[in-house]
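To keep things clear, I will list the structure first and then write my remarks on it.
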Amino acid sequence: MSRRPEMNHRTHFDKVWEDHVVFQEPDYPAILYIDLHLIHEVTSPQAFDGLRPKGLRVRRPDKSLATMDHSTPTLPLNQVVMDPQAEFQLKQLELNCQEFGIPLFQLGSENRGIVHVISPELGMTQPGMTIVCGDSHTSTHGAFGALAFGIGTSEVEHVLATQCLLQHKPQSMEIRIEGKLDPGVTAKDIILALIARIGINGGVGYAVEYTGEAIRSLDMEGRMTVCNMSIEAGARAGMIAPDDTTFEYLADREYTPKGEDWERALSRWRQLGSEECATYDRSITMDVSNLEPMITFGTNPGMGIMISEAIPNPDHVKDPERKAALIKALRYMDLKPGKPLLGHKVDVVFLGSCTNSRITDLRMATSLLDGRKVSEKVRVLVVPGSEEIKKMAEAEGLHQRFIQAGAEWREPGCSMCIGMNGDQLEPGQYAVSTSNRNFEGRQGKGGRTFLASPLTAIASAITGQIMDPRTLM
Amino acid sequence: MAQFSRITSQAVPLPINDIDTDQIIPARFMKGTNKEGLGENLFNDWRFLKDGSPNPEFILNRKEVQGGQILIAGDNFGCGSSREHAPWALMGWGFRAVISTSFADIFHNNALKNGLLPVVVDEEILVDLFDMVEEVPLVNFTIDLAQQSLLLPDGRAVEFPIDTFSKNSLLGGVDQLQYLLSMEDRIVSYEVEHDPS
Ligand code: SF4
């Protein structure tokens, strides 16, 4: 059971949670009110189908937003023949949104993009909100101090019908990130290092709040990268209490309040954040002062090392299950223990996904490109997270720099993060990817994924092998 | 949703930790718009070799385990994505319960909402279970939800935890969506109080 904090001992999470409990019976889960429900084509059709036979309507279409991202092509529409199944799925979403009056950014809309990219960029994601989506990386929105988490399709149906969810209150965990990052080391490296340390089930049952100097000094995009991958540590949600960085990002976005409403919202948002004497069910601290760029070598996001380190040797692992998992992962990846990953060949570099496809990620990558070309042996896919980011990048000329370097500049979407739209690895290929999952076959059957930051990805693209970006800076 | 009270069945051992949802049902099989047929693609990339033929080494391809309704798996089962396609695929294959030491949160929720019972046991029991099926592959286990008990072939009864609400839902006492719908008045008052617009 989670503790019942007194008023002045509440954590940020406690405040947001309590503010949304509609009702709770003893022994029953809380009925939690949802402020924003995000919807995409893959996990929603069965939920809409559930409503019809029961004669139910969508309770609050005005608190719902749908987009198309997972199975959309990343080549211009006039250049692709769409997979008929994917096309049907997209059509289905369109019809469902029409029937139930839900706003939809469909193919062709200038607001379309990856669900976790567009909601913040439109200013729909706001501090203190509850946000859900049939997608585990909903944790991204926690960067704004929202309580945001992924749900299954049955729960999508519950939210459509009632704007509420049945939830047991998770425990709370503070993850304090101290220290100052060295140049070339980024938010992505922080979260990969954290997961390597606490493990992919280290956060199960917890809502995580990230605190500390290193978190405070991140911009919103870096904070989103960190919160995005909270789920890779198994956490229910990852949150960062809002501060001036948050408010500056939100000011004047399309859906944020304006004028006096903005002032009122600000004073409400400033009440959020954990109390000085708040206590968490669990607290851990990690210092990132000497952190190097991180990279994964295995088949889950917790199997990561600093880029100069050697691949762990199963012979040195005592726990029999961890040892078995390591052996299995190295066999799948076809890697030798004890050797460094640096210099390992790379076939594909993917720069994209809801973890790292935002404008700062693209700027970071082009800064390292600096007139260089990518290796002829490497296929490099750059997939902006949204139409808006694509437009911004093109206005800055970033796309030309990618194209001139020999990279493919694509249309926005999830793309090779999940490989549902045809952008896939071939069996046996090695990819350095800025996405969030390196599970077996995640990016295409038999494909092998090294997760890393945009800097490490582009450095590896340039040299055709796994490369420490700091050597090119 | 499917109800659950008591099953007796042989068990299928999958002694691997951190089995993620991309293994349970790879994303390329999620382009459908209903819940049907996913069982055919359960563990697809482990079940089939590169040339598309069944992998004779993989447990689900063995004749003797066909019809087994209980899956026994390593720690942290179902980590990864929120896809409810994972429990749909497991149930499509014929599984009614998964036994492990721990489950990923979203998978756990999704399973309960579909009548697929996640049974949490401690490490020692899990090791015993794997040993038992290794020795006698066709041995039967019984899971009794009302009693919250897992009956082992050696006569032991192991208690497992489940929250009251989910238990009642699975036993057919509460329909979760109906329960939420019955709270309409409270939801309206909440909305009036918090969002007068
Ligand atoms: S980019 Fe990848 S992780 Fe993010 S929503 Fe799309 S498929 Fe999921």
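We name chains A, B, ... by the order of the sequence lines, and we start the count at 1 in each one.
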Legend entry - Arg59(A) with Glu184(B): basic N within carboxylate O range, under 4.0 Å: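 Salt bridge between Arg59(A) and Glu184(B), a charged N being under 4.0 Å from a carboxylate O: yes.
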Tell me, for [X] versus chain B, whether the close heavy atoms (under 4.5 Å) come from the side chain, the backbone, both or neither.
{"X": "Asp19(A)", "answer": "both"}
{"X": "Arg437(A)", "answer": "side chain"}
{"X": "Lys63(A)", "answer": "side chain"}
{"X": "Leu56(A)", "answer": "side chain"}
{"X": "Ile151(A)", "answer": "backbone"}
{"X": "Gln85(A)", "answer": "both"}
{"X": "Asn300(A)", "answer": "side chain"}
{"X": "Gln167(A)", "answer": "side chain"}

Who among [options] has the most heavy-atom pairs with chain B under 4.5 Å?
{"options": "Thr138(A), Asp49(A), Thr299(A), Thr153(A)", "result": "Thr153(A)"}
{"options": "Gln92(A), Glu155(A), Glu232(A)", "result": "Glu155(A)"}
{"options": "Leu166(A), Val42(A), Leu93(A)", "result": "Leu166(A)"}
{"options": "Gly205(A), Gly302(A), Gly419(A)", "result": "Gly205(A)"}
{"options": "Ser154(A), Gly150(A), Cys164(A)", "result": "Ser154(A)"}

Enter the distance from [X]:[atom1] to [Y]:[atom2] here, rounded to the nearest 0.5 Å.
{"X": "Gln89(A)", "Y": "Lys31(B)", "atom1": "CD", "atom2": "NZ", "value": "8.5 Å"}
{"X": "Ser82(B)", "Y": "Asp135(A)", "atom1": "OG", "atom2": "CG", "value": "5.0 Å"}
{"X": "Asp105(B)", "Y": "His168(A)", "atom1": "CG", "atom2": "NE2", "value": "11.0 Å"}

Inset, instruction - For the residue pair Glu440(A) and Trp46(B), confirm or rule out a side-chain donor-acceptor distance under 3.5 Å. - result: yes
Legend entry - Residue pair Thr43(A) / Glu84(B), side-chain donor-acceptor N/O under 3.5 Å: no
Flag the pair [X] / [Y] as yes when at least one side-chain heavy-atom distance between them is below 4.5 Å, and no otherwise.
{"X": "Asp27(A)", "Y": "Phe165(B)", "value": "no"}
{"X": "Phe439(A)", "Y": "Gln23(B)", "value": "yes"}
{"X": "Glu25(A)", "Y": "Met183(B)", "value": "yes"}

Inset, instruction - Determine the interplanar angle of the Tyr179(B) and Tyr28(A) rings, folded into 0 to 90°, and report it as parallel if under 30°, tilted if 30 to 60°, perpendicular if over 60°. - result: perpendicular
Legend entry - Smallest separation among heavy atoms of Ile418(A) and Ala27(B), with atom names: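 Of all heavy-atom pairs spanning Ile418(A) and Ala27(B), the closest is CG1-CB, 3.4 Å.
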